[in-house]
Structure formats: structure tokens, C-alpha cells
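Counting starts at 1 for both ligands and their atoms, following the listed order. FYI, the numbering just counts along the sequence from 1.
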Amino acid sequence: MTTATAEDFVGIVSQRVEAERHVLAGDWLRRLNDLLPVDANDVFPSEQLLDHIPTLIREIAVYLRAPADEEIAANTIVIDKARELGRLRHDQRASVHQLLREYEILADILETFVVEETRRLGLQPSSEECFELLRRLTRSSRTLLRTTVDTFVSEYMTAIEDRNERIKAFNQMASHELRSPIGTLLFAAAALERGEVRADPVRTEKITATIKTNAQRLSWLVQNLQRVTRLSSPLDVPSEQDVEVATIANEVARQLQEMALPRQVRIVVGDELPELCTDPARLELALINLVSNGIKYSDPSKGDSFVEITAGKNPPEGSCILCVRDNGLGIPEADRAAVFERFFRAHAHLDAQLGVTGSGLGLAITADCIRAMGGAIECESTVGVGSRFTITLPLKPPQIRNSSAVAPKHGDAS
Ligand code: ADP
């Protein structure tokens, strides 16, 4: 049995905490492992974790033995580490609840360790010394928690402001786009009320065709807006899950069957489509836009029109490739670079002849979805032969593979 003085007691215990910081960080990770529904190493890669947690534990130990000259909130190293942890956990899309739980477990582990070491080393501190040590322990972990959560919340505030800006821009764009066909419809309705127009079958037919085109345009716009809205998910709930691309591709084919039939376009879903962990709503929206374009811009002069979704060969390590190919009209070379821009339409002059309408938003939204999933999209096309859109996607979402990646933007069409 050792009878320690007050200074010896905190000195010995804090040195033990410092010496065992890597073991304590390991215990913490194991406790989290039991708590998390997914592998903890997937959520916070352990190298990054082990870069942060032992440093925090060491600084807590320093504070335990010298609380007066080492005010923990004034210690820039430890506050920087706590802030870094806040940013890291934000990038990894943790929730505030998770963060609170993580610190709670850390405090619990440190308290248990202190009690066990006191017993193991036969230290006999007075009750005042015990309370003082536990008070310092609680105070330090609370200060660190506050710093981490403040940083975490301020990262979210920036993300929310950013999203609000994008929603505002999107609303402006959407109302601008809606106004134009609505104006045309009102104008056409007023024209049809006039006796001399109704008496002229050629003019009546022309106006009816205008009404139809603009109503279709409105319908496309509203559908796109609905799909974009459906992409929004609560900020701290990851939307990624394991998906079989074949299931999504078949669902897309089913949804577009009605559109494909009158144009006699076959939708083919290839075998051997991959499985990946991604946001299924974004993937579905991207495929819907690409396949519906393949149908809209099919070549009426061809006997056997098709749009196919297949797996591409030789994907880069950790990725997969999806191809959406058609044998439609193709896109003139001069227009190809612009097709992913908002409101760009290469075949607007053929709308009446093809019986289609569009907003020039579909491919911009598609490219945005693919980017948000951490992937890339390319377009190759030859007029008269057809088009191929090649999507490269990571098999795992970027914020899980690499915590420094920017979290996907929800509901963004810009
Ligand atoms: P839209 O609503 O006009 O279809 P998109 O953004 O989806 O807008 O596409 C932009 C333009 O790119 C289309 O207007 C069309 O001219 C061209 N395009 C897109 N996909 C195809 C395709 N598969 N074949 C030929 N042209 C296409």
C-alpha cells in the first residue's frame, strides 16, 4: 500500500493516463464498435482516429496534474485537435447524438481507468482529492466536447446556409422556367376565345399543338422538380445503402415503358450490373433522365430503336462503370460539350417533329447527382449512330472511403 500526497496522487494518476493513452483510445474504439450499426473503421478510419484521440487524452492528463497553469480551454494544441475532430466527424456525416455518445464513452473510460489504477497501485487519496480529480476530469472532457460540438455545429450551419442559397437559386430558376410555358398557355387560351380564330381550323390546330407542347413541358418540369425534391434527406442521416444496380435499372425500365412503347424503343437492362453502396434515389434519377433522353431522341427512321443500360469493362480500382447507350439521333459535335449545362437543348428545333419537349435540365441534374455520389459522367455521340453516356461510380461513397471528401449536396440542381 502506498500513501500518496495530494500532488503525488494526481501526478501518478495523470502519468498513468498519459502513458496508457493509446490503449485507452483502443478501448474507446472497441466500445464504439459495439455501439455502431456499421464497422467503426468504415465510419472513422482508425489512422485518423488514432491521430486525434490519444493527443486529446494526453492533454487531459496534463490538465489533471496542472489545472491552474494549463487551463485546458487556453491550450491551443488540444482545442485545435478538438476542432479538427468536429470537422472530421462532420465530413464523416456523424450526428450530434453520435458525437455526444462518443465523448460520454471517452469520459466513462477515463473515469473507470482512474478508479482502477488508484485501486491497482494501492493509492489512498482523501475524498477531497478524489472529488478534485474527478472534477478536473469532467471539466476537461466537457470543454473538449463543447469545442468539438461547436465546430461540428458551425460546419453544419455553413452547409445549411449553402443549401439555402442553392434552394433559393433553384426556386428562382424553377419559377422562371414555369412562367414561360404558363404565359404561352394563357396566351393560347385567350386566342381560342376569339371567334375568328375558332373559325379558322388551321390556326386552331396550331394553337392546340402549342397548348399540348407547353403542357408537356410543364409536366416534365414538374416531374423533374418532384424528383429533385425527393432527393432531399435529413442532414445527418446518410442516404447510402447497398444497392443492386439491376434492381434500379429494371425499375427505371418499368417506369419508362409507357413512354417507350409508342416510340417503339426497346429498353434493355444488361446482365452483370454491379452492386455498390450509394444513394439509390440519386442513381435512379440519373438513370431515368438518361434513359428517357434515349427514348425522346430516338431516331424515327431506324427500324430497331433501343436504349440499353449495361456494365462497362475495366473500371478503375474501387469503382464501377455503367453505360447508357442508344442508337438514336446523336448529338452534333459542336453541342456535345454543352449538354450538361442547364437549359441547353440541342434538338429544340425538332420538338414538334419528334413530338417531344424538354427543359434542358435533365442532364444538368444527372451530372449533379453523379458528382454528389462521388462519380463522373461522360458523353460520346455520333450523329445518325447514337449516344453513349458513361458513368464511373465509386463502389463505396467517398465520405466513407475518404473523410476529407465533401459531403454530398442534397437536392441540388445547380
Ligand atoms: P431536355 O429536357 O431538353 O431533354 P437534357 O438536359 O436532358 O434536356 O438534355 C439536353 C440536350 O441534350 C437535349 O435537349 C438533347 O438535345 C440532347 N440529348 C440528351 N440526351 C440525348 C440523347 N440520348 N440523344 C440525343 N440527344 C440527346
Checklist entry - Which part of I331 is near ligand 1, with near meaning a heavy atom under 4.0 Å away: side chain, backbone, both or neither? => result side chain

Checklist entry - Is it the case that more than 12 heavy atoms not belonging to Q257 sit under 6.0 Å from its CD atom? => result yes

Item to check | ligand 1-proximal atoms of L361, by part, heavy-atom distance under 4.0 Å | outcome: backbone

Checklist entry - Does L329 come within less than 4.0 angstrom of ligand 1, counting non-hydrogen atoms of the residue? => result no

Item to check | Per-residue contact class, A346 against ligand 1 - non-hydrogen pairs under 4.0 Å | outcome: both

Next on the checklist: For atom 15 (C) of ligand 1, what's the nearest protein heavy-atom neighbour? Residue, atom name and distance, please.
Outcome noted: H347 ND1, 3.4 Å

Next on the checklist: Whether the Y63 and R139 side chains hold a donor-acceptor pair (N or O, under 3.5 Å, no angle test) is what I'd like checked.
Outcome noted: yes

Item to check | Which residues share a side chain to side chain donor-acceptor pair (under 3.5 Å) with D27, sequence neighbours left out | outcome: R30

Item to check | contact_flag N289 ligand 1 heavy-atom lt 4.0 Å | outcome: no

Item to check | Closest approach of any protein heavy atom to atom 5 (P) of ligand 1, naming residue and atom | outcome: L363 N, 3.6 Å

Next on the checklist: Salt bridge check, R31 against D108: does any charged N sit closer than 4.0 Å to a carboxylate O?
Outcome noted: yes

Checklist entry - For ligand 1, which atoms, with element, lie under 4.0 Å from some heavy atom of D326? => result 22 (C), 23 (N)

Checklist entry - Taking C-beta and beyond as the side chain, do F389 and L363 meet within less than 4.5 Å on heavy atoms? => result yes

